[in-house]
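Each remark here refers to the structure printed beneath this line.
Values reported hereafter were calculated over all heavy atoms of this structure, with side chains retained and with hydrogens, waters and symmetry mates removed.
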Amino acid sequence: MATALAGLVGTSIREITDNADALDDKRASHAASGAVQAMLRQQRATLRDNAYWDEAVNHTAGPDAEAWTIETWGVSSLDYPLYDTAFVIDITGRNILAYRNGEAMAVPARRFLGAGLDTLIAAARRSAAAGTDVPVHFLRSSEGVAMVGAAVIQSAETSPAVPVATNPVLVLAKHMTADTLAELSADFNIIGLTLDDAPLPGLLHAVLRGVDGSPTAYFNWPRILPGTRSFIGVKDELRIAASVLCVFLLGIGLSGGWTIRSLKRSEAHARHRATHDSLTGLWNRAGLLENLEQDLLDGRIARTDVRLFLIDLDGFKAVNDAWGHAVGDDLIAAVADRLLAELPEETLVARLGGDEFAVVTSAPAGQPATEFEAAIQSALQRVFYIAERTVEIGGSVGISVSIAGDLGAGELMRRADIALYRAKDMGRGVSVSYEDAFDAEKRQEAMLEAELRAQLEGDGIGVAFQPLINAATGRICGVEALARWPRSGGAAILPDVFIALAERGGLIDTLGMQVLTKALAAARAWPGIGLSVNISPLQLKNPSFVAQVTSITGAAGFDPHLLTLEVTEGVLIAHPEQARRALDGLKSAGIKVSLDDFGCGYASIGALRQFGFDRMKVDRSLIQAVDRDENGGAVLQATIALANALRIPVTAEGIETEEQAMLLRLSGCDELQGYLYGRPVDAATLGGQFFPASAPRKVVRA
């Protein structure tokens, strides 16, 4: 009996030990597979973000393809966490870009990444045609095993019906270095992880598969054997307690229970890391989608509405730029804490990444969400105190609703994202609920963008000219060039509309250079007359902008000292260093720079001094205020006096009456512009009005 009992006890101990070891092996294998899948998902997302990009389509097809791709992907390969090698390959197989660890490579992509690259690129082109996800696999490069993905560079709005067969392909690779293995080991709790050509005896392994599905390499790692280790740890105690059966059995129970609890804790910890944001402790994107699917299922059963609120913080980038990422991280954590504290307890709050949050709530069918929107805005708009700093931000909110669970999680996210985009366009602190009309407007905008693209390809953007009048002499001293879109058989599109469309669609550089080229060609017929041309803040961010302007000016044979480029203050606030480099380059070429629309935004005396503008243009709102606001005249005179004190010449626009013109002359304004002197007209009409062969250049009232 004792022998049988001892055998039974021994068998039980061995079974518990083996089961514990097997459970840990299963956990580790699941973690390794999850690590591989997480890397592949991150690489696919990175490829989509970088390849499905209108600006990338334009630049890789343009003359600055090499410089732009180096700045965008080549330099980033030095320290970007998701890739260390970048290629851009055209339809002939030629490298447009070949960079590794921030340095150029002379070796062709096919020789560096092996024969599997051709299959990968073919798969990428098939996925672009079919609209499926981009391919990412493991290849063996000349530097070792690498995770390699490929995507055809295409417009973010391109559908499978739009041909992209000849577009270049972006190839990003992340090599499985010792640092990469160490990071995976730490993130997924896989101790002793190594990369080998084959499974190693006695170790656990995970397969890294190539394009054709065959193994490229293997992750190997030793078994932890928690059951065996636990048994070894309690073996002496069990031997001592062998004579007392109850103690012996109790020891078995305690040992088994401890092992199982330890495994459960480890599994729970790994799952928490996979579904929660490490900075705030909130659900991450994966956790949000998992919970959202369950909420939608519950909504179908209970006939309740499920609402998704996507939140993008207003002014967060300025906080990061001003005080650094540490303060930015503290602010993100503070926002998370406040949302949790002030929204109802049953509300699901998630951080999707960066400064984007999501909130999910359920409510009885048809109940308005006004109070909940107000609660979110109130929480974000109140002051935050971060590291002894007072920080004021806000939030743009996009809202979508699933009525009784009628929408899936993906569609609910898409609609909320469209609503958020609309909210951000409307300004700070705005909440917008999705409407079916948004999709129609988005399609209309896409059609209008395609029409504008075709117009630009045909060099069809027109230019109108409005005279600038010398306040002292009353004679014309310059003209301002204004972009016009002449649509055949269609309603006219206002410049504010199609210029904003060009900025969003990555067409603003082309549009701006067309306007400048045509304006310079026309202005050559008016010797000694200055030419003013508006430029978009986005153009100043283009590193080739100054070179393009000087090249066009030289080709036109136009005196650069007669050219003035007008820029609004937005770029000075958002990107001051980029703006300074561009403005300094223009001035060194003899081109003047004017601050446009002064008085309608935030430009300060410091900005006027710092950037050294050659001219300041008073916004028409200050002139119009003279007639309707008793303090309007004093404000206008003070604005002009400020410019005069800084010795900056002043142009006033929007002048419609002689009374306004007289006030501006007396206030010290030296150039006048407006309907009083002439409406925008084509070059021929302007020449006939102001530059007849024998007539003096005396102003003609419009």
Applying side chain to side chain donor-acceptor pair (under 3.5 Å), name anything that partners N101, two or more places apart in sequence or on another chain. none
Which residue pairs pass the salt bridge (charged side-chain N to carboxylate O under 4.0 Å, His left out) test with at least one member in residues 393-417, sequence neighbours excluded? E411-R414, E411-R415, R414-D439
Aromatic plane relationship, H272 with H276 - under 30° parallel, 30 to 60° tilted, over 60° perpendicular: parallel
Qualifying salt bridge (charged side-chain N to carboxylate O under 4.0 Å, His left out) pairs, either residue in residues 371-397, two or more places apart: E342-R382
According to side-chain hydrogen bond (donor to acceptor under 3.5 Å, both in side chains), does anything in residues 344-362 pair up with another residue at least two apart or in another chain? List the pairs. D277-R351
Partners meeting salt bridge (Lys or Arg N to Asp or Glu O under 4.0 Å) with R44 (sequence neighbours left out): none
Could you check whether any side-chain N or O of S378 sits under 3.5 Å from a backbone N or O of A374, counting only pairs where one atom can act as donor and the other as acceptor? no
Flag, side chain of T180 to backbone of H175, donor-acceptor distance under 3.5 Å: yes
Under the rule for salt bridge (Lys or Arg N to Asp or Glu O under 4.0 Å), what residues qualify as partners of D337, not counting sequence neighbours? none
Please name all residues satisfying salt bridge (Lys or Arg N to Asp or Glu O under 4.0 Å) with R422, sequence neighbours left out, ordered by chain then number. E441
Judged by atom type as modelled, is there a donor-acceptor pair below 3.5 Å linking the side chain of R273 to the main-chain atoms of D187? yes
How many angstroms lie between atom CG of L113 and atom CG of L120, to the nearest 0.5 angstrom? 8.5 Å
S185 side chain to L181 backbone, donor-acceptor under 3.5 Å: no
Apply ring-ring contact (aromatic ring centres under 6.0 Å, His included) to F309 and list each qualifying residue two or more places apart in sequence or on a separate chain. F372
Under 3.5 Å, is there a donor-acceptor pair between the side chain of K424 and the main chain of G398? no
Tell me if the NE2 atom of H30 is crowded by more than 12 foreign heavy atoms within 6.0 Å. no
Hits for salt bridge (Lys or Arg N to Asp or Glu O under 4.0 Å) against D196, two or more places apart or cross-chain, chain-then-number order -> none
State plainly whether the residues D54 and R504 are in salt-bridge range, i.e. N to O under 4.0 Å. no
Applied to residues 286-298, the side-chain hydrogen bond (donor to acceptor under 3.5 Å, both in side chains) test, sequence neighbours excluded, yields R271-E290, Q294-D298
Atom CZ in R580, atom CG in L540: separation rounded to 0.5 Å? 13.0 Å
S127 side-chain N/O to A124 backbone N/O, donor-acceptor pair under 3.5 Å: yes
Any chance the side chains of S396 and D314 put a donor and an acceptor closer than 3.5 Å? yes
State whether the side chain of R140 and the backbone N or O of T216 hold a donor-acceptor pair below 3.5 Å, judged by distance alone. yes
Atom CD of Q381 with >12 non-hydrogen neighbours under 6.0 angstrom: yes
Only counting residues at least two apart or in another chain, list the ones meeting side chain to side chain donor-acceptor pair (under 3.5 Å) with N50. W73
Using ring-ring contact (aromatic ring centres under 6.0 Å, His included) as the criterion, list what pairs up with Y218, not counting sequence neighbours. H205
What's the separation between atom CG in L203 and atom CG in N220, rounded to the nearest 0.5 Å? 5.5 Å
Per side chain to side chain contact (heavy atoms under 4.5 Å, CB included), S400 is matched among I418, L407, L420, L412 by L412
Y83 vs S76, test: side chain to side chain contact (heavy atoms under 4.5 Å, CB included). Steps then yes/no. CA-CA 8 Å; Y83 63 86; S76 299; 3.3 Å; yes
Quick check against the 3.5 Å criterion: does S431 have a side-chain atom that pairs as donor or acceptor with the backbone of V397? no
Side chain S77, main chain G74, donor-acceptor under 3.5 Å: yes
